[in-house]
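Note that the structure is predicted; figures quoted are calculated from it, not measured. The basis for the numbers below is simple: all heavy atoms, side chains too, and nothing from hydrogens, waters or symmetry mates.
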Amino acid sequence: MKTVSLISQLIIPVFILFTILYGCAKRVRVYDCFVSGAKGGVGVVVRVFPYLLEIFVAVKGFQASGAFEFVQGLLGGFLEFFHVPIDVVSIALIKPLSGSASLGVFTNIAKTNGPDSLASQISAVIMGSAETTFYVLAVYLGAVGIKRTRYLVPVCVLADLIGIIIAISIVKFFFHFG
């Protein structure tokens with residue numbers, strides 16, 4: 001175990017040192033290349049920031065408006081029919097929007113229901129297998145300046161929905177037979 005800990009602490013510094021030494025061996029001006037890349041990174045941040053701000057405002061607005069609780073109420077009876085805890089709706093709605101917000105929701109579900117509960121298990125699988133779709137779309141599309149997405153958003157939302165249904169099915173099949 002100590003070996004794994006040592007390797008995990010050294011891997012990044014060793015990689016950085018290797019990169020610098022390799023660049024020097026190839027006669028690359030490593031520092032100048034680093035500064036040039038950093039300048040380019042600032043431009044990307046400036047281009048992407050409005051999209052990230054939009055996602056942040058959308059998540060907070062969704063939560064503060066009561067729409068979150070409304071959707072939970074709408075889906076409550078449907079999920080109850082399939083013996084799926086209502087808390088799963090929380091993680092399913094937030095995960096495509098924000099990774100950090102979904103981590104907070106997941107932590108709350110695990111604390112409230114216990115780590116071995118059906119809600120926690122399904123939420124854990126969703127956390128590990130779903131994507132922060134709208135965040136990724138904002139960053140990548142914003143970075144390259146794509147404005148018209150056509151079918152991209154509906155297909156991504158459908159993929160998220162299918163992934164969430166599969167996560168629920170797998171947990172119920174393997175851990176709760178019923």
Side-chain angles (χ1 to χ4, degrees), residues 1-13 15 48-49 51-143 146 149-178:
M1 191 63 173
K2 289 185 179 202
T3 305
V4 172
S5 178
L6 179 65
I7 290 171
S8 68
Q9 290 175 352
L10 291 177
I11 194 78
I12 292 177
F15 178 76
V48 170
F49 180 74
Y51 299 96
L52 295 177
L53 181 62
E54 176 185 4
I55 292 297
F56 177 74
V57 169
V59 168
K60 292 300 178 186
F62 186 71
Q63 290 173 329
S65 70
F68 188 69
E69 288 81 15
F70 178 74
V71 172
Q72 274 187 319
L74 282 176
L75 296 175
F78 179 74
L79 292 176
E80 190 175 309
F81 178 76
F82 290 103
H83 306 288
V84 176
I86 192 68
D87 291 337
V88 172
V89 174
S90 305
I91 201 82
L93 290 175
I94 295 298
K95 181 63 178 176
L97 297 171
S98 169
S100 58
S102 63
L103 183 59
V105 169
F106 173 69
T107 302
N108 187 44
I109 290 170
K111 282 182 182 176
T112 304
N113 298 295
D116 293 332
S117 68
L118 179 60
S120 294
Q121 290 174 339
I122 291 172
S123 297
V125 172
I126 291 171
M127 283 293 294
S129 60
E131 182 60 81
T132 53
T133 304
F134 291 98
Y135 174 80
V136 169
L137 289 175
V139 170
Y140 293 135
L141 298 180
I146 295 175
T149 59
R150 195 169 174 124
Y151 300 115
L152 187 60
V153 173
V155 167
C156 288
V157 169
L158 180 62
D160 282 336
L161 179 62
I162 291 169
I164 289 165
I165 291 169
I166 291 171
I168 292 168
S169 302
I170 286 174
V171 170
K172 287 188 62 68
F173 178 77
F174 283 108
F175 300 109
H176 292 275
F177 305 106

Original post:
Any side-chain heavy atom of Lys172 within less than 4.5 Å of one from Leu118?
Top reply: yes

Original post:
To the nearest 0.5 Å, what is the distance between SG (Cys156) and CG (Leu161)?
Top reply: 13.0 Å

Subject >> Side chain proximity check, Val88 to Leu79, heavy atoms < 4.5 angstrom >> reply: no

Original post:
With sequence neighbours excluded, what pairs up with Val155 under the side-chain contact (heavy atoms from CB on, under 4.5 Å) test?
Top reply: Tyr151

Contacts under 3.5 angstrom, residues 65-76 side chains, donor-acceptor by atom type, not counting sequence neighbours:
| from | atom 1 | to | atom 2 | distance (Å) |
| --- | --- | --- | --- | --- |
| Ser65 | OG | Gly61 | O | 3.1 |
| Ser65 | OG | Phe62 | O | 3.3 |
| Ser65 | OG | Ala67 | N | 3.2 |
| Gln72 | NE2 | Ser90 | OG | 2.7 |

Subject >> Heavy-atom closest pair, residues Val125 and Ala167 >> reply: CG1-CB, 3.6 Å

Original post:
Of all heavy-atom pairs between Phe106 and Ala124, which one has the smallest distance, and what is that distance?
Top reply: CE1-N, 3.5 Å

Original post:
Between atom CG of Asp87 and atom CG of Asn108, what is the distance when rounded to the nearest 0.5 Å?
Top reply: 8.0 Å

**OP:** Go through the structure and list residues passing side-chain contact (heavy atoms from CB on, under 4.5 Å) with Glu131, not counting sequence neighbours.
**Re:** Thr133, Val136

Original post:
What distance do Ile164 atom CD1 and Ser169 atom OG have between them, rounded to the nearest 0.5 Å?
Top reply: 11.5 Å

**OP:** Of all the heavy-atom pairs spanning Ser8 and Ile11, show the shortest one and how long it is.
**Re:** O-CG2, 3.8 Å

Original post:
Are Phe134 and Val153 close enough that some pair of their side-chain heavy atoms sits under 4.5 Å apart?
Top reply: yes

**OP:** Please name all residues satisfying side-chain contact (heavy atoms from CB on, under 4.5 Å) with Ala101, sequence neighbours left out, ordered by chain then number.
**Re:** Val59, Ile94, Ser98

Original post:
Of the options Thr112, Thr107, Val105, which is the one that meets Ile109 in a side chain to side chain contact (heavy atoms under 4.5 Å, CB included)?
Top reply: Val105

Original post:
Does Ser117 have any side-chain hydrogen bond (donor to acceptor under 3.5 Å, both in side chains) partners at least two apart in sequence or in another chain, and if so, which?
Top reply: Ser120

Subject >> Flag side-chain contact, heavy atom, 4.5 Å: Lys95 against Asp160 >> reply: no

Original post:
Going from OG1 on Thr132 to CE on Met127, what distance comes out if it is rounded to the nearest 0.5 angstrom?
Top reply: 9.5 Å

Subject >> Under the side-chain contact (heavy atoms from CB on, under 4.5 Å) test, residues paired with Ile166 that sit two or more places apart >> reply: Ile162, Ile170

Original post:
Do you know which two heavy atoms are closest between Ala119 and Asn113, and how far apart they sit?
Top reply: CB-ND2, 3.8 Å

Original post:
Please walk me through it: do Thr149 and Leu137 pass side chain to side chain contact (heavy atoms under 4.5 Å, CB included)?
Top reply: CA-CA 9 Å; Thr149 59; Leu137 289 175; over 6 Å; no

